[in-house]
Structures are given as structure tokens and as C-alpha cells.
Amino acid sequence: MTTTTEPGDDQSDPGLSAIMSERRQLINLGYRLLGSLADAEDVVQETYARWYAMSAREQQAIESPGAWLMTVASRICLNLLGSARARRETYVGDWIPEPLPEPTEWINGRSSAGGTDPADRVTLDESVTMAFLVVLDSMTPAERVAFVLHDVFRYPFGDVAEVVGRTPAACRQLASSARRRIRSAQSPAGPSAGQAGIIRQFRTAWEAKDINTLISLLDPDATATADGGGLAVTHLHPIVGSEQIARAYAEIARVSGDRTTFLECTVNGLPGLVTRQDGNLSTVFAFEIVDDRIRHIWAVRNPEKLRPWRIS
């Protein structure tokens, strides 16, 4: 993201680098709150626009510019979360958060491989796994903002209250409610290396259309959800059950034939898969593995959500 310099801005201003150094933190905040890198970038752009709309005197009166930027970005996200629920009602199929590649694999539409500005990267940790983001998406906007600001970014509830527009005690309750949601929806994941082995077995069985092995790798109550956004063909409703998923995925492999290749990769910090059809990236798969079985599969095919994965 490039911030436009407003007339009269002095690029030699020693405070400019400090202001711009907050960009990565703002991107990280926006992605966790909105589940979309594109939306996070828009939020950062709007946040900086509001900063540079102020006079130099107004800027100098702000004791902590970094805290000001985070507060403004959080409020913008809170407003967007409220309107997002209405937009989802017209979304075709299920909405899945935008998947992100490993930082070393990060490809951005504005720059070539290896040349991406580090400030455009999201730090991949347990707070951006697909399972975690899906739970966040089930929360109310206020719950999500209170939880992310306090539990992820360690903001005191007094500061959270200023963003959410409620009392610190109310924000503490919101964060507590969010924690209960996460505890009830998530189970402890195994080591990443072990998960990578399970994903490798899944890929091999999928390529071979080995239904029995696929079933053995899936939790009996596993769920597979896909997001095409009306822009790519996919199943509109979640597939539930290991046998149903195995048969559906084996059929996908049969229909696609030699046109599709399956590649192991890192998705939101955990082992995942991507498929390329006729040489072009078509789908990113994220997984939740519990007790050495795949419990959830999230398949993102909406091309608008695959921008960071495309080589420019």
C-alpha cells in the first residue's frame, strides 16, 4: 500500500517514518478483524487518509500517533463488520475468510516474488489459523473487536471501551464471551510436522481417488465447506461426514483428471494444499486436524480471495 502525500506534507518530517512503521500492525489488526486482506488494506488506507486530513498542529497534539491509528482503524473495522452481515445475505454460498500463504511464499499483485514490502504481510500465528478466523466470524462485531484488541493485541479494556463505545466492564464481558466461543469450537491441534504428514497422506489418496484411505484420514463427523462466491464452480452447501466427503473429493479428482495438480503448502500458518488446473491456481485448502483426523476442510475458490497466491 502506498499512502498518498497530501499537499504541504513534508517527506523529510522525522515523524513520517514512525507513522508509516505502524502500517504492518494496522494490516495485522484489519485482517484479524475482517478476515480479508483486501478489506484490511482499505482500512489502512482510510486510516492514513484521516491522519493526513488533520493539520500539522492537530497531529502534533496527539500524544501517541500509533495508538491513535489503531483506535481509528479499529472503529472503521467495527463499522465494516456491522455492514458485512448484511452483505453476506447476498453472498453466493458460504463465506470463508481469505487464506494467506507463508510469508516466504508471499506473492502480491503489486510486486513480484521476493519484492513484497514486509509491511504488507500478516504475521501468521495461532490467531490467524483458518479455524480461529472462522470462529471469530461467528461472533458479534463488538465481541470480535473486544477479543482481538485485548487478547491478541493486549490492549487494556479501558482502551477497548473507547473503540467499542461501551464500559470497560462490558468489554471484559464481551471478551470473555468470545473466549468461551473459541474454547467450545476448537480442540488443541497437534504438532505442525504431524499435521503435514496427514495432509500429505490426504493428497496422495486424493490423487489416487482412494476413497477408503480418504475416509480413514477424516473424522467421522468431518465437514468440508467451499467458497466460490458465485465466481467459481463449487458445492454450495457444506459436505458432512467422512464417507460423503471422500466420495465427493474422489469425484472431483476423477472429473479434473490430468488437468489438476495437487501441491502441499502453508495456509494461514498450518499445512494445507493448493490445486492448479491447467497450470493456473484454482483452489486453496485449509484444514483443521484434531486427534490425527481431519475435522474441517475449507476450500477457497473465489478468485478475488486468491490474489496473494498469484504470481504477477
Side-chain angles (χ1 to χ4, degrees), residues 30-43 45-46 76-77 79-101 107-110 122 128-141 144 185 206 222-241 244-257 259-263 265 267-268 272-288 294 296-312:
Y31 178 71
R32 284 164 174 78
L33 287 178
L34 302 175
S36 165
L37 180 62
D39 288 346
E41 290 171 334
D42 289 342
V43 166
Q45 185 73 30
E46 173 63 21
I76 296 171
C77 287
N79 291 335
L80 288 175
L81 285 169
S83 61
R85 290 178 176 263
R87 294 199 307 272
R88 301 279 177 80
E89 293 178 2
T90 60
Y91 194 83
V92 179
D94 287 287
W95 188 93
I96 296 174
E98 181 179 326
L100 296 181
I107 305 298
N108 191 292
R110 293 183 300 276
V122 172
V128 290
T129 65
M130 190 60 72
F132 193 91
L133 290 175
V134 168
V135 178
L136 286 180
D137 196 55
S138 69
M139 299 177 185
T140 67
R144 188 167 184 170
W206 191 6
T223 302
T225 307
D227 178 347
L231 302 175
V233 177
T234 190
H235 49 93
L236 289 177
H237 304 288
I239 305 172
V240 181
Q244 290 81 354
I245 294 172
R247 294 189 181 281
Y249 274 49
E251 179 64 12
I252 291 171
R254 185 192 69 79
V255 171
S256 60
R259 299 168 53 215
T260 299
T261 55
F262 302 80
L263 303 171
C265 64
V267 182
N268 286 60
L273 294 173
V274 299
T275 59
R276 292 186 176 275
Q277 197 162 53
D278 298 325
N280 299 312
L281 185 141
S282 58
T283 314
V284 174
F285 295 87
F287 299 83
E288 181 183 37
I294 297 170
H296 287 106
I297 302 175
W298 294 279
V300 180
R301 287 180 51 79
N302 183 341
E304 294 181 350
K305 295 185 177 183
L306 301 181
R307 179 172 56 94
W309 298 80
R310 301 186 188 282
I311 299 175
S312 60

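Numbers here are sequence positions counted from 1.
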Visitor: Can you tell if the side chain of Pro97 reaches within under 4.5 Å of the side chain of Leu34, non-hydrogen atoms only?
Guide: no

Visitor: Can you check whether Trp206 and Phe262 have ring centres sitting under 6.0 Å from each other?
Guide: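 Yes, they do, as the ring centres are separated by less than 6.0 Å.
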
Visitor: With rounding to the nearest 0.5 angstrom, report the CG to CD1 distance, Leu33 to Ile76.
Guide: 11.5 Å

Visitor: Just do the side chain to side chain contact (heavy atoms under 4.5 Å, CB included) check on Phe287 and Met130 with the steps written out, would you?
Guide: CA-CA 8 Å; Phe287 299 83; Met130 190 60 72; over 6 Å; no

Visitor: Applying side chain to side chain contact (heavy atoms under 4.5 Å, CB included), run through Leu100 and Val267 and close with a yes or a no.
Guide: CA-CA 6 Å; Leu100 296 181; Val267 182; over 6 Å; no

Visitor: Tell me the closest heavy-atom pair linking Pro141 and Leu81, and the distance in Å.
Guide: CB-CB, 3.7 Å

Visitor: Looking only at the side chains, is there a donor atom on one of Thr260 and Thr275 sitting less than 3.5 Å from an acceptor on the other?
Guide: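 Checked: Thr260/Thr275 side chains show no N/O donor-acceptor pair below 3.5 Å.
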
Visitor: Determine all donor-acceptor pairs shorter than 3.5 Å in which one atom belongs to a side chain in residues 231-240; sequence neighbours excluded.
Guide:
from   : atom 1 : to     : atom 2 : distance (Å)
His235 : ND1    : His237 : O      : 3.1

Visitor: Can you name the residues that form a side-chain contact (heavy atoms from CB on, under 4.5 Å) with Thr261, not counting sequence neighbours?
Guide: Arg276

Visitor: For the side chain of Asn268 and the backbone of Val128, is there at least one donor-acceptor N/O pair under 3.5 Å apart?
Guide: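 Flag set: sc Asn268 to bb Val128 pair under 3.5 Å.
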
Visitor: For the OG atom of Ser256 and the CD atom of Glu251, what is their distance to the nearest 0.5 Å?
Guide: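 The CD atom of Glu251 is 9.5 Å from OG of Ser256, to the nearest 0.5 Å.
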
Visitor: Would you name the heavy atoms of Ala299 and Tyr249 that are closest together and state the gap between them?
Guide: CB-OH, 4.2 Å

Visitor: Please give me the minimum heavy-atom distance between Thr225 and Ile96, naming the atom from each residue.
Guide: O-CD1, 3.6 Å

Visitor: Looking at residues at least two apart in the chain, or sitting in another chain, which of them share a salt bridge (Lys or Arg N to Asp or Glu O under 4.0 Å) with Asp137?
Guide: Arg88, Arg144

Visitor: Counting distance only, does the side-chain N/O of Glu98 pair as donor-acceptor with the main-chain N or O of Leu37 below 3.5 Å?
Guide: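 Yes.
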
Visitor: Determine whether Lys305 and Trp95 satisfy the following criterion, side chain to side chain contact (heavy atoms under 4.5 Å, CB included), listing intermediate values before the conclusion.
Guide: CA-CA 11 Å; Lys305 295 185 177 183; Trp95 188 93; 3.2 Å; yes

Visitor: Quick check: do Cys265 and Pro101 have side-chain heavy atoms less than 4.5 Å from each other?
Guide: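 A side-chain contact is absent here, since even the closest heavy-atom pair is not under 4.5 Å.
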
Visitor: Can you find a heavy atom in the side chain of Val284 that is under 4.5 Å from one in the side chain of Trp309?
Guide: yes

Visitor: What I want to find out is whether Asp227 reaches Arg301 closely enough, with some N-O distance under 4.0 Å, to be called a salt bridge.
Guide: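 Not counted as a salt bridge, because no side-chain N and carboxylate O are separated by less than 4.0 Å.
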
Visitor: What is the distance from atom CZ of Arg259 to atom OG of Ser282, rounded to the nearest 0.5 Å?
Guide: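 Rounded to the nearest 0.5 Å, the CZ-OG separation comes out at 9.0 Å.
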
Visitor: For the CZ atom of Arg32 and the CG atom of Leu136, what is their distance to the nearest 0.5 Å?
Guide: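 Answer rounded to 0.5 Å: 9.5 Å.
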
Visitor: Would you say CD of Glu304 has more than 12 non-hydrogen atoms from neighbouring residues, nucleotides or ligands within 6.0 angstrom?
Guide: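 Incorrect, the count does not exceed 12.
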
Visitor: Please assess Val135 against Ser138 for the test side chain to side chain contact (heavy atoms under 4.5 Å, CB included), listing each intermediate value before the final yes or no.
Guide: CA-CA 5 Å; Val135 178; Ser138 69; 4.3 Å; yes

Visitor: Report the distance from atom CG of Leu306 to atom OG1 of Thr283, rounding to the nearest 0.5 Å.
Guide: 7.5 Å

Visitor: Do Ile297 and Thr223 come close enough that some side-chain heavy atom pair is under 4.5 Å?
Guide: no

Visitor: Working to the nearest 0.5 Å, report the span between CG of Asp39 and CG of Asp42.
Guide: 6.0 Å

Visitor: Would you say Asn302 and Tyr91 make side-chain contact, with heavy atoms under 4.5 Å?
Guide: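 Yes, at least one pair of side-chain atoms sits under 4.5 Å.
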
